[in-house]
Amino acid sequence: MEAPGKVIVVGAGIVGVCCAAYLQRQGHDVVLVDRGAPGEGCSLGNSGGFGVGLVAPLSTPGQLLRIPRLLLDPRQPLSVAPSQFVRLLPWFIRFLANSRPGRVAEIAAARHQLSAQAFNALDPLLEDAGAQSLLRRDGMLFVYESRRSLERARYAWDMARRFGVKVHEIDGAEARDLEPALGPNVRHGVLFPDNGHTVNPLRLVQVLARRFAERGGKLRHETVVSIRIADDGKPQVDTNTQTHAADAVVLATGAWSRRFAAALGCDVPLAAERGYHAMVASPGVALRAPVTLSDRNVVLTPMEEGLRITGISEFAALDAPPNEERTDRIARQAGEFLPGLRTTGMTRWMGPRPSTPDSLPLIGPTPRHRSVYFAFGHSHMGLAWAAVTGKVIAEMVAGRPPSLDLAPYRPDRFRAA
Ligand SMILES: Cc1cc2nc3c(=O)[nH]c(=O)nc-3n(C[C@H](O)[C@H](O)[C@H](O)COP(=O)(O)OP(=O)(O)OC[C@H]3O[C@@H](n4cnc5c(N)ncnc54)[C@H](O)[C@@H]3O)c2cc1C
């Protein structure tokens with residue numbers, strides 16, 4: 001689109017809100033549509049991490065051998081609902097295919113490209129909203145119970161180093177110097193000093209959405225039913241109350257995107273990888289920065305409303321009810337590492353990560369309709385990569401050359417796989 005026009009962004013999670021904010025800066029008339037209030041999908045409940053140094057994807061060499069342990073050890077976070085197994089099989093086959101060393105290196109480069117721009121892209125939005133205090137750059141610590149588990153992670157940390165990421169290995173005592181609340185079972189640590197976190201992921205989306213509205217953007221509380229191309233060749237968005245005509249549409253509905261993508265002629269392997277959190281207002285312990293209990297895949301994040309304990313990768317139907325036992329489990333595991341932790345009065349949450357088998361998002365125009373753009377599939381990194389996604393989407397909609405090589409995130413990349 002050469003001149004500014006009307007753009008509909010569907011989905012007001014962190015990704016949609018950042019797309020709307022950047023499109024607005026290009027002078028477009030932007031309408032942001034969500035069936036709920038901004039930020040109340042997956043973006044509400046994440047760990048708050050800006051894990052910009054975590055370049056290795058989830059699928060790494062040796063993955064196949066690790067699967068039995070992941071599925072059979074009750075301390076491990078992975079679960080696959082039996083009812084979803086057949087449906088998800090193609091997703092897992094692609095996931096394993098992405099664990100070849102050469103492919104992992106390509107994916108890592110593509111992840112690093114997004115992460116390297118994450119703070120630069122978010123900073124102007126935070127500054128404009130007067131919300132810089134929501135983002136902290138105090139690093140991130142990964143802790144291990146044994147030398148063996150540290151060695152298992154070495155592949156990923158060495159890969160990060162190759163991309164110039166600062167990674168410091170420390171022992172248990174040094175980890176407790178940094179985070180005195182940690183107990184004696186922490187034997188090793190790996191510190192990423194340049195990672196960051198937000199102290200309130202929901203408020204981050206809310207302040208950006210509010211600023212978008214203050215600058216003249218339109219927020220619409222409607223449920224999108226379909227996205228289609230009208231007779232004039234332009235896209236239209238049908239909601240439960242009206243039809244919005246537009247010059248361009250951005251699909252940013254996170255884990256709910258697959259059906260819209262399929263209707264637009266692009267079937268994508270997107271899984272709902274459901275995660276859980278426990279929020280503890282008065283935990284009785286304090287952390288300086290996020291700590292990942294690597295052997296359990298549980299993350300502890302200090303937030304303005306207390307301590308957040310997150311974890312679990314549950315592959316289940318999007319609308320299946322939450323399994324409360326999983327929240328209890330991650331809270332118990334947190335207690336094993338934080339001897340002083342009190343979880344009385346904790347609140348619970350579950351939400352779906354929009355996960356792709358190559359740990360990369362889909363960003364760009366759909367193959368059949370160049371005026372409809374995908375901006376979803378950010379898996380475990382949606383918070384960190386949202387602003388850079390918004391920036392490149394706005395560049396593409398304006399017809400300008402994007403500031404990143406977008407080939408690794410092409411929406412049609414799964415066709416040939
Ligand atoms: C436990 C957990 C921990 C995580 N930790 C981190 C982390 O530390 N760092 C990180 O970067 N990422 C993390 N993530 C991932 C991150 O939260 C997601 O990648 C990110 O929130 C996805 O954002 P989104 O805007 O794409 O989707 P969402 O936030 O889910 O937004 C999608 C929006 O689309 C709307 N929508 C859907 N269907 C319709 C419709 N038909 N009509 C209108 N609106 C619709 C929904 O209401 C929703 O508001 C974590 C996720 C989980 C579950």
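Read the numbers this way: they start at 1 and go in the same order the structure lists the ligands and their atoms. Excluded from the calculations below are hydrogen atoms, water molecules and symmetry mates; all remaining heavy atoms, backbone and side chain alike, are included.
If you check which protein heavy atom lies closest to atom 23 (O) of ligand 1, you get Ser43 OG, 3.3 Å. For atom 8 (O) of ligand 1, the nearest non-hydrogen atom of the protein is Gly49 N, 2.8 Å. Protein heavy atom at the shortest distance from atom 43 (C) of ligand 1 is Arg35 N, 3.2 Å. Of the protein's heavy atoms, Gly254 CA, 3.6 Å lies nearest to atom 27 (O) of ligand 1. Here the protein heavy atom with the shortest distance to atom 28 (P) of ligand 1 is Cys42 N, 3.6 Å. Nearest protein neighbour of atom 35 (C) of ligand 1, counting heavy atoms only, is Asp34 OD2, 3.2 Å. Given atom 25 (O) of ligand 1, the protein heavy atom at minimum distance is Val15 N, 3.1 Å. The protein heavy-atom contact nearest to atom 4 (C) of ligand 1 is Asn46 CB, 3.1 Å.
With a 4.0 Å cut-off on non-hydrogen atoms, Ser379 touches ligand 1 through its backbone and not its side chain. Contacts with ligand 1 closer than 4.0 Å are made by no heavy atom of Arg274, backbone or side chain. Contacts between Ala252 and ligand 1 below 4.0 angstrom, taking non-hydrogen atoms only, involve the backbone exclusively. Proximity of Glu273 to ligand 1, defined as any heavy-atom pair under 4.0 Å, is not found for any part of the residue.
Taking 4.0 Å as the cut-off, Glu40 does not count as a neighbour of ligand 1 on heavy-atom distance. Taking a 4.0 Å cut-off on heavy atoms, Trp385 fails to register as neighbouring ligand 1. By the 4.0 Å heavy-atom criterion, His277 is excluded from the residues contacting ligand 1. Gly351 counts as a contact of ligand 1, since one of its heavy atoms falls under 4.0 Å from the ligand.
Using a 4.0 Å cut-off to heavy atoms of Ile14, the atoms of ligand 1 that qualify are 23 (O), 25 (O). The contact set between ligand 1 and Glu222, taken as ligand atoms under 4.0 Å from a residue heavy atom, comprises 43 (C). Using a 4.0 Å cut-off to heavy atoms of Phe260, the atoms of ligand 1 that qualify are 41 (N).
Contact annotation: the side chain of Val397 approaches that of His28 to within less than 4.5 Å [non-hydrogen atoms, C-beta and beyond]. Annotation: side chain of Val250 is not in contact with side chain of Val10 (no heavy-atom distance under 4.5 Å). Arg308 places none of its side-chain heavy atoms less than 4.5 Å from the side chain of Ser47.
Side chain of Arg94 to backbone of Phe414: a donor-acceptor contact under 3.5 angstrom is found. For Thr198 (side chain) and Asn200 (main-chain N/O), a donor-acceptor pair under 3.5 Å exists by modelled atom type.
One side chain, His380 or Glu273, offers a donor N or O that lies under 3.5 Å from an acceptor on the other.
Using bins of under 30°, 30° to 60° and over 60° for the plane-to-plane angle, the ring pair Trp157/Tyr144 lands in the perpendicular bin. Using bins of under 30°, 30° to 60° and over 60° for the plane-to-plane angle, the ring pair Phe95/Trp91 lands in the parallel bin.
Counting only residues at least two apart or on different chains, the ring-ring contact (aromatic ring centres under 6.0 Å, His included) pairs with a member in residues 244-279 are His277-Trp349. Residue pairs meeting the salt bridge (Lys or Arg N to Asp or Glu O under 4.0 Å) criterion with at least one partner in residues 191-214, sequence neighbours excluded, are Asp128-Arg211, Lys166-Asp194, Arg203-Glu304, Arg211-Glu214.
Going from atom CG of Leu251 over to atom CZ of Arg258 covers 13.5 Å, rounded to the nearest 0.5 Å.
Here atom 36 (N) of ligand 1 lies nearest to Thr253 when heavy atoms of Thr389, Ile330, Thr253 are compared. Compare Arg353, Arg220, Met350, Met381 by their heavy atoms: the one nearest to atom 53 (C) of ligand 1 is in Arg353. Considering Gly13, Pro290, Pro354 only, the shortest heavy-atom separation from atom 22 (C) of ligand 1 involves Pro354.
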Using side chain to side chain contact (heavy atoms under 4.5 Å, CB included), reason through Leu122 and Val388 one step at a time and then give a plain yes or no.
CA-CA 7 Å; Leu122 183 60; Val388 63; over 6 Å; no
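In this structure, Arg35 does not pair ionically with Glu40, as no charged nitrogen and carboxylate oxygen lie closer than 4.0 Å. A salt bridge does not link Glu314 to Arg353: none of the charged nitrogens lies less than 4.0 Å from a carboxylate oxygen.
For the pair Gly39 and ligand 1, the shortest N or O to N or O distance does not fall below 3.5 Å. Any N or O atom pair closer than 3.5 Å counts here, and Thr223 shares no such pair with ligand 1.
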